[in-house]
Amino acid sequence: MTAPLDGPLDGPLDSPLDSPTGAGAGAVDLALERGLHRRPSGEPPPLPKHLDTPTVAWLITAGVFGIAWIVLAANQTAAQYIAIKEGQFVVWVAARRTAGLSDFLTTTYSFLFTWLVPIVGWATIVLLAVFRRWRHLLVFFLSLLATVVIGGIAAILIERTRPFGVTILGRWEGFAQPSKPVTMGLAVLVGAYCSLVPPGRWRTIVPLTILVWGAVYGGIEIYLGTAHPTDELTAMLVGISVPLLSFRLFAPDQVFPITYGKRGGNTAHLDVGGERGQAIRQAVEEQLGVTVLDVKPIGAEGSAGSTPIVLKVAPVRIATASPPGTEESPSDETHALFAKLLARSHLRADRQYKLFRTLAYGRLEDENRFQTVRRLVQQEDYLGLRFAEAAIKVPKTYGIVEITPESEYLLVTDFLDGYGEIGDAEVDVELIDNALLIVRHMWDAGLAHRDIKPANLMTKGSEVAVIDVGFSQVRPTPWRQAIDLANMMLVLALRSTPELVYERALQHFTPDDIAEAFAATRSITVPSQLRQKMNEDGRDLIASFRQMAPPREPIKIQQWTWRRILLAVGVFFGAIGIVLLTITNLAATGLIP
Amino acid sequence: MRRTLVVVGVTFVVLFVCSVLIAIGQREEEGPRFLAGSNCLEKKYVIMEAQSVQGAQLIPCLGDALDGWDRANENYSNDGSEIGMTTGETNGATLTIALHATCTPDASATPRKDESPDYDVVETTTTNPDNSVQYKEWYTFAGGCAVSDLTIPHRFDEQRIFDELDASFYLLPRSAVNDQVLHETDGQLTLDPS
């Protein structure tokens, strides 16, 4: 398959903004298969925001029960009537106890009372730690704590005694409403569900199972005489609603997706099948005018800041804006386009990246985070155009596609068909020169990529293209420019020799430039993928370059600012606070029996 | 959607709390009733105590004469109950009333002259390192045991506190608590199985 939409606009060092007619082609030069569709006011976007069905169903049910309870509780006559009737019901049940069943349920209940929360709770915590879902882990623990607090406050306010007229067989503690064992049992199960169960049919099966289990557990308590039916209903209300709302608010699926088994991928990758896949097709069709035949994720292990996908699009006619009567050049082949799906989860990754960089480098890398996904994708699109303007080979951008307003956008670019990662390429002198020229052009244009590593350098023959310019910077610090040069030389040396790379670098940079680059280099300045490759390689490439370059004192990267100090103090004490909060409340949440 | 969730959640919590407050407010309209033979108001904690030791024939309660004391903590379970009171200041006097099915008095406890044929009482008096004085009493009776643990800092007027407690501390017959339950349930339910 040829590179999609190849033409005079797509050469290694040509500006993509030059068109054959001389007029600016803009970001989109795809001909229209059909008219572009502007979404009118009021029409929903391709992927409207919504809650999953079980959450909506539960919130409606809980809301109806809650309002009914409020109305009844506010009326003393009604409240007393209900209390008497359900008290009589518990007496009726107790009168029908059998010795065998009572013994069995007393033992079972005693076990559940003590061990249900610790077993499910710790299993969930361990699994979340194994899968490194730290946000979910934190929300899980805090949701248990919130449930304890809310349930405790409700119990003190309501002051419901245990059932009258029965011998209470089961264990109990405190006031009866809401029933604490059922509340915490449901809270830990719902927390596990929200943090471990991925989208799919299990998202329907598991909630129903939890509801049934809650009813059974409540039924056991009623049989044993420890609680009334409304105590159990209130327990379900609190025990399900608090963790459910906690996760939907503080760890929503759109930002913190739950995925498993994606080899080479990571938890930042959103699922592009199902509803989202359909929305992507619709959005690209309406906003770019091409028909999407297939949407496939790429499991790029280096992509933590976005969800990379490949779009297979229907044949397009390439319009060249020729004078009337001139034939257009048709193309019958399907094409591939590359797209980056950016969502709020990536905003979070950007935020964490910047926090880490500010803490690690101080003033050298101190910058404000993006507040919205829209700004993030606009920045990446803009930087792609700036790189292209600087005669640096980057995938041509075709524009931004809106999937969900303010939440999800697609940045559509060339696929760079025929290109492969530099880590798999035969590196010759011409390729080394082209790669070093990229850094030269960046320096000349006042740009820094900031993430030079094998995964971001694509080659075809001796051509070299740079991808993933989202973290790039305009007018960076000289230190950052030097780091780019060092990282590029290290990447090239992995596939050749430091001596060859150094010799070619002297064609484009001075010895002092190279000395500066490696004086600024530390393990922390080398992207983790590149660092890993260097470890696998075994050669001490940094030392080799330092030996060849003129001697230079190491460049200090620790630059302190008040913001960095306050952030570091805040992070430190925040972490301490969370640890202390966790330890002191382990017993309160029931995680320690 | 996130904002909707927050609004729904907050609205529900506010309505929930308001309804509970309304319900509590309405229950107070009847006017206070005292448990027979005491100045202990009919309160839920007495029922909870009685339920925590289902065989206890006497239930400890603290009447309204205990002025200036605040409830510090209360724990009820199938193993018994414990209510903690304090005078509220830093290092103030503290009182804990516990009810259990059985208890083991200190070996050094000495019996007090019979005050009632319904229970036996033994007591100890200890001076702590900070010069506060600790008075502990064990009341044993049919089906249970009540323990009173009073600590008075040295700067307090001991006699005044003793007088307050004498006027406030009662061991109620279980039947009085049963009467409270009958009253609350319009005679439909009893405290214990009939």
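Residue numbers begin at 1 in each chain, while the letters A, B, ... track the order of the sequences.
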Quiz item: Based on non-hydrogen pairs under 4.5 Å, which of B:Ser77, B:Ser81, B:Ser194 is most in contact with chain A?
Solution: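 Most heavy-atom pairs within the cutoff with chain A belong to B:Ser77.
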
Exercise. Spell out the residues in residues 170-183 of chain A that have some non-hydrogen atom less than 4.5 Å away from a non-hydrogen atom of chain B, in order of number; otherwise answer 'none'.
Key: A:Gly170, A:Arg171, A:Trp172, A:Glu173, A:Gly174, A:Phe175

Quiz item: side-chain contact (heavy atoms from CB on, under 4.5 Å) with A:Pro243: which of A:Val139, A:Leu142, A:Thr147?
Solution: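 Passing option: A:Thr147.
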
Exercise. Report the residues that fulfil side-chain hydrogen bond (donor to acceptor under 3.5 Å, both in side chains) with B:Glu74, sequence neighbours left out, ordered by chain and then residue number.
Key: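 B:Glu74: side-chain hydrogen bond (donor to acceptor under 3.5 Å, both in side chains) contacts with B:Arg71, B:Tyr76.
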
Quiz item: Side chain, backbone, both or neither: which part of B:Ser52 has an atom under 4.5 Å from a heavy atom of chain A?
Solution: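 Contact with chain A: backbone and side chain both.
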
Self-check item: Cationic N near anionic O, under 4.0 Å, B:Glu123 to B:Lys136
Solution: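 Salt bridge: no.
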
Quiz prompt | Residues B:Lys43 and A:Glu159 bridged, charged N to O under 4.0 Å | solution = no

Any non-hydrogen side-chain atom of [X] less than 4.5 Å from a side-chain atom of [Y]?
| X | Y | answer |
| --- | --- | --- |
| B:Gln51 | A:Thr161 | yes |
| A:Ile222 | A:Glu86 | no |
| B:Ile47 | B:Val177 | yes |
| A:Tyr109 | A:Thr226 | yes |

Practice problem: Could you tell me whether B:Phe162 atom CZ has more than 12 heavy atoms of other residues or ligands within 6.0 Å of it? | Solution: yes

Quiz prompt | Worked verdict on B:Ile161 versus B:Leu150 for side chain to side chain contact (heavy atoms under 4.5 Å, CB included) | solution = CA-CA 10 Å; B:Ile161 293 188; B:Leu150 171 68; 4.1 Å; yes

Exercise. Could you tell me which portion of A:Val91 (side chain, backbone, both or neither) has an atom closer than 4.5 angstrom to a non-hydrogen atom of chain B?
Key: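 Looking at A:Val91, just its side chain touches chain B.
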
Quiz item: How about residues 138-147 of chain B versus chain A: which residues have heavy atoms under 4.5 Å apart?
Solution: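 Counting heavy atoms that sit under 4.5 Å from chain A, no residue of residues 138-147 of chain B is involved.
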
Could you give the side-chain donor-acceptor pairs of residues 185-193 of chain B under 3.5 Å, partners two or more places apart or in another chain?
from	atom 1	to	atom 2	distance (Å)
B:Thr185	OG1	B:Val181	O	2.9
B:Thr185	OG1	B:Leu189	N	3.2
B:Thr185	OG1	B:Leu189	O	3.2
B:Gln188	OE1	A:Gln88	NE2	3.1
B:Thr190	OG1	B:Asp192	O	2.6
B:Asp192	OD1	B:Arg174	NH2	3.0
B:Asp192	OD2	B:Arg174	NE	2.7

